[in-house]
Amino acid sequence: MPPKTQLLSKIAILSFRELLLLRMRNFGSIKIGALIGAFVFLFATSIQAQEKMITPPYLKKGDTVGILATARKIDQATLKPAIQLLESWGLKVVLGKTIGKEENQLAGADWQRATDFQEMIDNPNIKAIWAAKGGYGTVRIVDRINFANFKKNPKWIIGFSDVTVVHSHINNMNIETIHAMMAISSRSATDEAKRTLHDALFGQKLSYKMPKDELNRLGTAKAEIVGGNLSVIYSVLGSESAVDCKDKILFIEDLDEYLYHIDRMLMNMKRNGYFANVKGVLVGGMTSMNDNDIPWGKDALHIIQDVLKDYKFPIIYNFPAGHTKDNRAIIMGRTATMKVTETGSTVVFE
């Protein structure tokens with residue numbers, strides 16, 4: 001249970017306890033029925049508060065988007081296609097201080113990347129923040145960020161892969177984010193990937209229709225979508241940034257992993273109960289997987305099928321998101337309806 005839900009539930013239980021003590025001490029004429037009603041109301045209110053997600057303001061022409069590096073280094077010239085794309089949408093662009101910086105693989109020291117992120121989330125003139133590149137390093141800075149101002153004035157955070165830790169961390173604050181291509185991807189992304197990012201940022205409804213897949217599991221589910229890169233999800237289990245899968249649709253994707261690693265990560269999640277109350281699963285790109293000299297015996301998709309075979313929730317395989325050119329936008333934390341039929345599947349966001 002997320003920290004906020006735990007707190008609100010405790011408040012409801014404590015309130016009920018106090019009311020019960022009043023009754024036992026014969027203060028007033030409180031009836032048991034009224035006590036129970038008050039408890040139910042308080043508990044329902046706490047759950048409702050947890051489920052209510054905050055949507056950052058959608059962009060409009062003239063708004064400013066900040067591009068920064070939370071992980072691996074990148075130079076300004078590489079970002080030219082991303083800058084041109086945003087400007088074609090009528091947006092202004094500000095490059096973070098991490099662009100062009102380097103410390104071995106990373107775009108500067110941890111404190112430099114954290115400071116750049118902090119300054120952008122606190123800057124009221126910047127309406128969205130786009131991660132320039134993934135790789136590894138975002139988890140090293142997430143605990144350095146003070147999100148106090150961000151919670152009061154949220155803005156869209158955009159990216160995928162290594163940015164999964166930020167998506168999950170912020171979704172646990174009940175704020176939506178956008179899982180979509182990195183800024184570096186602008187030079188190779190499909191038109192659909194670009195269009196869906198535009199639509200997500202400007203408040204246009206997202207919906208996806210996919211052909212049938214023999215691995216799909218039929219069914220319908222309606223819930224918030226959470227998740228992202230499987231390796232990152234696995235790496236933050238048990239932390240404040242852990243993905244809350246309860247009553248959610250879980251999206252997973254990954255790149256350049258050994259096949260037995262995929263099995264190991266999923267088995268750990270299974271043993272820890274992460275799939276017990278999942279409403280549905282979207283499986284994105286499982287790209288450029290590796291195998292040992294002695295083969296594992298299953299590809300990534302069939303590994304997922306095997307681990308999840310004992311559950312009943314619907315599953316869509318080959319969802320168009322992840323480490324592919326056609327990396328379409330997903331609003332993380334947004335409620336969507338997934339329908340999987342014998343003729344195909346759809347995912348429609350509210």
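The structure presented is a predicted model; accordingly, all values stated were derived computationally and were not measured.
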**Least distance between heavy atoms, Lys60 atom then Leu91 atom** = O-CD2, 3.5 Å
**Request:** Would you mind reporting whether Lys97 and Gln112 have side-chain heavy atoms less than 4.5 Å apart?
**Result:** no
**Asked** What residue pairs, at least two apart or across chains, pass ring-ring contact (aromatic ring centres under 6.0 Å, His included) with a residue in residues 321-350?
**Response** Phe160-His323
**Prompt:** Do you know which two heavy atoms are closest between Ala69 and Thr98, and how far apart they sit?
**Reply:** N-OG1, 3.0 Å
**Prompt:** Are more than 12 heavy atoms from other residues, nucleotides or ligands located less than 6.0 Å from atom OH of Tyr58?
**Reply:** yes
**Prompt:** When you check the side-chain N and O atoms of Asp122 and Gln118, is any donor under 3.5 Å from an acceptor?
**Reply:** yes
**Prompt:** Are more than 12 heavy atoms from other residues, nucleotides or ligands located less than 6.0 Å from atom NZ of Lys298?
**Reply:** no
**Request:** Take Val340 and Arg217, measure what side chain to side chain contact (heavy atoms under 4.5 Å, CB included) needs, and give me the verdict at the end.
**Result:** CA-CA 7 Å; Val340 192; Arg217 183 186 291 156; over 6 Å; no
**Complete:** In short, Lys270 meets Val307 closest at the heavy-atom pair NZ-O, 3.2 Å
**Message:** Within a 6.0 Å radius of atom CD on Gln84, are there more than 12 heavy atoms belonging to other residues, nucleotides or ligands?
**Reply:** yes
**Item:** All pairs passing ring-ring contact (aromatic ring centres under 6.0 Å, His included) where residues 59-84 contributes a residue, at least two apart
**Value:** none
**Request:** Give the minimum heavy-atom separation between Met289 and Ala300, together with the two atoms involved.
**Result:** CG-CB, 4.0 Å
**Message:** With heavy-atom distances below 4.5 Å as the criterion, would you say the side chains of His179 and Val163 are in contact?
**Reply:** no
**Fill in**
Hits for ring-ring contact (aromatic ring centres under 6.0 Å, His included) against Tyr274, two or more places apart or cross-chain, chain-then-number order -> none
**Request:** Rounded to the nearest 0.5 Å, what's the gap from OH on Tyr208 to OG1 on Thr346? Could you check?
**Result:** 13.0 Å
**Message:** I'd like to know whether Trp296 forms a side chain to side chain contact (heavy atoms under 4.5 Å, CB included) with Ile262, so could you lay out the CA-CA distance, the side-chain angles of the two residues, the decisive distance to 0.1 Å, and finally the verdict.
**Reply:** CA-CA 11 Å; Trp296 179 253; Ile262 300 296; over 6 Å; no
**Glu119, CD atom: more than 12 neighbouring heavy atoms under 6.0 Å** = yes
**Contacts of type salt bridge (charged side-chain N to carboxylate O under 4.0 Å, His left out), residue Glu103, not counting sequence neighbours** = none
**Item:** Under 3.5 Å side-chain donor-acceptor pair for Glu253 and Asn229
**Value:** yes
**Prompt:** Does anything in residues 77-133 pair up under ring-ring contact (aromatic ring centres under 6.0 Å, His included), and if so which pairs, sequence neighbours excluded?
**Reply:** Trp89-His198
**Request:** Determine whether more than 12 heavy atoms belonging to other residues, nucleotides or ligands lie under 6.0 Å from atom NZ of Lys279.
**Result:** no
**Request:** Can you see which heavy atom on Lys212 is nearest to which on Glu342, and at what distance?
**Result:** CD-O, 3.4 Å
**Asked** Where do Lys155 and Ile126 land on the side chain to side chain contact (heavy atoms under 4.5 Å, CB included) test, with the steps shown first?
**Response** CA-CA 8 Å; Lys155 60 188 69 177; Ile126 294 177; 4.2 Å; yes
**Request:** Using the side chain to side chain donor-acceptor pair (under 3.5 Å) rule, take Ser231 and Asp254 through it: C-alpha gap first, then chi angles, then the decisive distance, then the call.
**Result:** CA-CA 7 Å; Ser231 296; Asp254 219 322; 2.7 Å; yes
**Request:** Give a yes or no on whether the backbone of Leu255 and the side-chain of Thr287 come within a donor-acceptor separation of less than 3.5 Å.
**Result:** no
**Request:** Indicate, with yes or no, if the rings of His169 and Phe147 have centres closer together than 6.0 Å.
**Result:** yes
**Request:** Check salt bridge (charged side-chain N to carboxylate O under 4.0 Å, His left out) between Arg140 and all other residues, then give those that pass, not counting sequence neighbours.
**Result:** Asp110
**Request:** Specify the closest pair of heavy atoms between Val93 and Ile67, including all atoms of both residues, with the distance to one decimal.
**Result:** CG1-CD1, 3.9 Å
**Asked** Is there a donor-acceptor contact under 3.5 Å linking the side chains of Asn272 and Asn268?
**Response** yes
**Request:** Taking only Lys NZ, Arg NE, NH1 and NH2, and the carboxylate oxygens of Asp or Glu, determine whether Arg72 and Asp162 approach each other closer than 4.0 Å.
**Result:** no
**Asked** Would a 4.5 Å heavy-atom cut-off, applied to side chains only, mark Tyr258 and Asp263 as touching?
**Response** no
**Request:** Flag yes if more than 12 heavy atoms outside Asn292 fall under 6.0 Å of its CG atom; otherwise flag no.
**Result:** yes
**Asked** Is the closest basic N to carboxylate O distance between Arg113 and Asp116 below 4.0 Å?
**Response** no
**Prompt:** Are Leu266 and Leu308 side-chain neighbours, meaning at least one heavy-atom pair lies under 4.5 Å?
**Reply:** no
**Item:** Close side-chain approach of Ser185 to Asn327, heavy-atom, < 4.5 Å
**Value:** no
**Asked** Taking His167 for the side chain and Gly333 for the main chain, is one N or O donor matched with an acceptor at less than 3.5 Å?
**Response** no
**Message:** One pair to check against side chain to side chain contact (heavy atoms under 4.5 Å, CB included): Leu201 and Asp63. What are the steps and the verdict?
**Reply:** CA-CA 11 Å; Leu201 285 171; Asp63 282 344; over 6 Å; no
**Prompt:** To the nearest 0.5 Å, how far apart are CD1 in Ile83 and OG in Ser186?
**Reply:** 9.5 Å
**Message:** A side-chain contact here means heavy atoms from C-beta on lying under 4.5 Å apart; do Leu250 and Phe275 qualify?
**Reply:** yes
